[in-house]
Number of protein chains: 2
Amino acid sequence: MAEADIPKKQVIMEAAARLFRDRGYSATSMRDLAKAVHLQASSLYNHINSKQELLREICFQNANHFLAGIENIEKEYATPAEQLEQLIQHHLIVATSDATSITSFNDEWRHLEEPYLTEFVQLRKRYENRFRAIIQAGIDQGIFRDADPTIAMYTVLSSLRWIYDWYRPNRSKSVAIIGQEVSKLLLSGLKKT
Amino acid sequence: MAEADIPKKQVIMEAAARLFRDRGYSATSMRDLAKAVHLQASSLYNHINSKQELLREICFQNANHFLAGIENIEKEYATPAEQLEQLIQHHLIVATSDATSITSFNDEWRHLEEPYLTEFVQLRKRYENRFRAIIQAGIDQGIFRDADPTIAMYTVLSSLRWIYDWYRPNRSKSVAIIGQEVSKLLLSGLKKT
DNA sequence: CCTACCGATCGGTAGG
DNA sequence: CCTACCGATCGGTAGG
């Protein structure tokens with residue numbers, strides 16, 4: 001009975017996110033999706049407008065989630081070192097709170113059609129710019145090494161990505177602990193000093 | 001005339017790698033591919049057996065390339081620190097020497113059909129195991145910090161991945177220099193000591 | 001290497 | 001929410 005209260009559209013969205021993650025957007029058919037929610041393919045269209053709409057909402061939901069976090073961290077924390085540490089933590093929280101849909105945000109967005117494709121790329125760029133600015137501030141203040149801020153940013157972001165690409169719950173440590181270890185690795189390096 | 005000597009199958013394979021990278025395996029049709037090599041779709045089958053075959057050969061070619069390198073490095077270099085540094089360099093060389101097909105190795109392999117899917121996953125696992133063993137050896141010898149070797153391995157591998165995901169030639173530094181900076185970042189960390 | 005064509009499947013609509 | 005169905009496109013084959 002409790003399940004009956006979840007809007008059907010949300011149920012469809014979650015099933016879509018899972019299929020997009022497991023097979024990719026293009027390899028997922030509306031008939032696959034219909035079967036996953038125990039409907040006929042045509043009945044899906046009483047709740048959604050198109051396959052594109054599903055991808056679009058999944059991608060932008062995540063993009064906005066990431067951006068809201070970084071803006072908050074810029075206000076709440078003063079030093080670049082704190083901001084970066086919080087950013088890493090926030091990135092992992094967003095990614096693991098909606099672990100199935102993050103793959104679309106990472107990989108399937110390229111199947112977005114215009115004008116949404118352009119808009120999405122701009123949102124992502126904004127996130128990257130803010131991320132880079134924090135690293136740049138750390139370098140300017142002498143807290144971080146004199147690294148290339150773009151390279152450092154992508155290295156950090158990529159390191160966070162493997163966690164939801166390869167991580168499988170209850171197979172190993174918790175995401176929080178993995179996140180801490182990745183943070184330490186990125187900030188202090190692998191070599192002993 | 002020089003181009004006439006390149007086997008048609010190779011031309012098709014390279015065009016396929018580019019399309020799989022740009023649109024993904026599922027979203028690439030044999031008619032797209034045919035157009036790219038100025039043929040009718042049906043004519044492709046005089047040179048190849050199936051769409052699957054193209055993906056399979058692209059994926060396994062890269063997998064074998066990566067594995068051959070790591071076996072060689074294990075023999076040629078003695079210390080884990082040297083081996084890791086060489087491994088990072090080798091990974092980047094493989095990735096950039098065939099930059100278009102590396103995306104299939106990274107992302108499109110999941111569209112492989114059995115039994116090749118299982119075989120591919122095993123090859124990749126073997127690469128990861130050897131990579132992890134080198135990090136483990138460095139920890140045992142006291143050269144590396146007491147990190148989780150699996151986490152360290154994935155962090156390193158992911159950091160290498162962004163270079164061919166995001167890097168665009170002549171927009172910035174060379175791959176060699178980017179690789180050096182990423183290496184330094186991973187080994188020494190972002191924070192000043 | 002082409003024309004002609006196969007059955008299967010695609011996203012989506014009409015109409016109830 | 002269903003049945004019935006649309007035109008388009010899919011990977012691939014036959015036959016020359």
Side-chain angles (χ1 to χ4, degrees), chain A residues 1 3-60 104 108-117, chain B residues 1 3-60 104 108-117:
Chain A
M1 285 297 115
E3 284 180 8
D5 292 316
I6 301 174
K8 200 80 182 181
K9 175 158 183 181
Q10 193 182 320
V11 173
I12 293 170
M13 290 261 295
E14 284 167 14
R18 174 161 272 105
L19 286 165
F20 293 169
R21 180 195 66 181
D22 293 340
R23 312 180 189 181
Y25 176 77
S26 293
T28 297
S29 77
M30 295 308 272
R31 283 156 181 86
D32 292 335
L33 177 57
K35 195 171 286 177
V37 295
H38 306 292
L39 245 51
Q40 296 302 313
S42 58
S43 301
L44 292 170
Y45 293 90
N46 287 303
H47 305 97
I48 60 158
N49 292 311
S50 66
K51 190 183 176 188
Q52 264 287 307
E53 183 193 61
L54 290 167
L55 179 64
R56 188 193 313 146
E57 295 197 7
I58 289 169
C59 287
F60 279 89
S104 294
E108 304 301 321
W109 58 266
R110 61 178 168 167
H111 296 112
L112 286 170
E113 292 167 5
E114 296 294 1
Y116 304 101
L117 178 59
Chain B
M1 284 298 115
E3 284 180 10
D5 294 316
I6 302 173
K8 200 80 183 177
K9 174 157 183 181
Q10 194 183 320
V11 173
I12 294 171
M13 290 261 294
E14 283 166 13
R18 173 161 273 104
L19 285 166
F20 293 170
R21 181 195 65 182
D22 293 340
R23 313 181 188 181
Y25 176 78
S26 292
T28 297
S29 77
M30 294 307 273
R31 283 156 181 84
D32 292 335
L33 177 58
K35 194 171 288 177
V37 296
H38 307 293
L39 246 51
Q40 296 302 313
S42 59
S43 301
L44 292 171
Y45 293 91
N46 289 303
H47 305 97
I48 60 158
N49 292 311
S50 66
K51 191 184 176 188
Q52 264 289 305
E53 183 193 62
L54 290 166
L55 179 63
R56 188 194 313 147
E57 295 197 6
I58 289 168
C59 288
F60 281 88
S104 295
E108 304 301 321
W109 58 268
R110 61 177 167 165
H111 295 113
L112 286 170
E113 292 167 4
E114 297 293 2
Y116 304 102
L117 178 59

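We use all heavy atoms of the structure for the numbers below, so side chains are in, but hydrogens, waters and symmetry mates are not. Below, chain A is the first sequence line, B the second, and so on; all start at residue 1.
- A/S29 and A/D32 form a side-chain donor-acceptor contact under 3.5 Å, judged by distance and modelled atom types alone.
- Listed here is the closest heavy atom pair of A/S104 and A/C59: O-SG, 3.7 Å.
- Nearest heavy atom pair, residue A/A41 against residue A/M30, reads CB-O, 4.2 Å.
- Separating the CD atom of B/Q40 from the P atom of C/dC1 is a distance of 11 Å, rounded to the nearest angstrom.
- Regarding contacts with the backbone of C/dC1, a side-chain N or O of B/H47 is found under 4.0 angstrom from either OP1 or OP2.
- In this structure, CG of A/L39 is placed 10 Å from C1' of D/dC2, rounded to the nearest angstrom.
- Within a 6.0 Å sphere centred on CZ of B/F60, other residues, nucleotides and ligands contribute more than 12 heavy atoms.
- Atom CG of B/D32 is separated from atom C1' of D/dT9 by 11 Å (rounded to the nearest Å).
- Counting only heavy atoms from C-beta outward, the side chains of A/R18 and A/E14 never approach each other to under 4.5 Å.
- Ring orientation note: the planes of B/Y25 and B/F20 are nearly perpendicular, at an angle over 60° on the 30°/60° scale.
- Shown here for B/V37 and B/A15, the closest heavy-atom pair between the two residues is CG1-CB, 3.7 Å.
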Would you mind building the protein contact string for nucleotides 11-16 of chain D? One character per nucleotide, 5' to 3', B for base within reach (heavy atoms under 4.0 Å), S for sugar-phosphate only, - for untouched. BBB---
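- In this structure, the CG atom of B/L44 is 15 Å from the C1' atom of C/dT3, given to the nearest Å.
- In summary, of the residues considered (B/L33, B/L54, B/N49), a side-chain contact (heavy atoms from CB on, under 4.5 Å) with B/L44 occurs for B/L33 alone.
- The CG atom of B/L19 sits 12 Å away from the P atom of D/dC10 (whole-angstrom rounding).
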Strand DNA chain C as a dot-bracket string - pairs counted if Watson-Crick or G-U with both distances under 3.5 Å, | where the partner lies in another strand: ||||||||||||||||
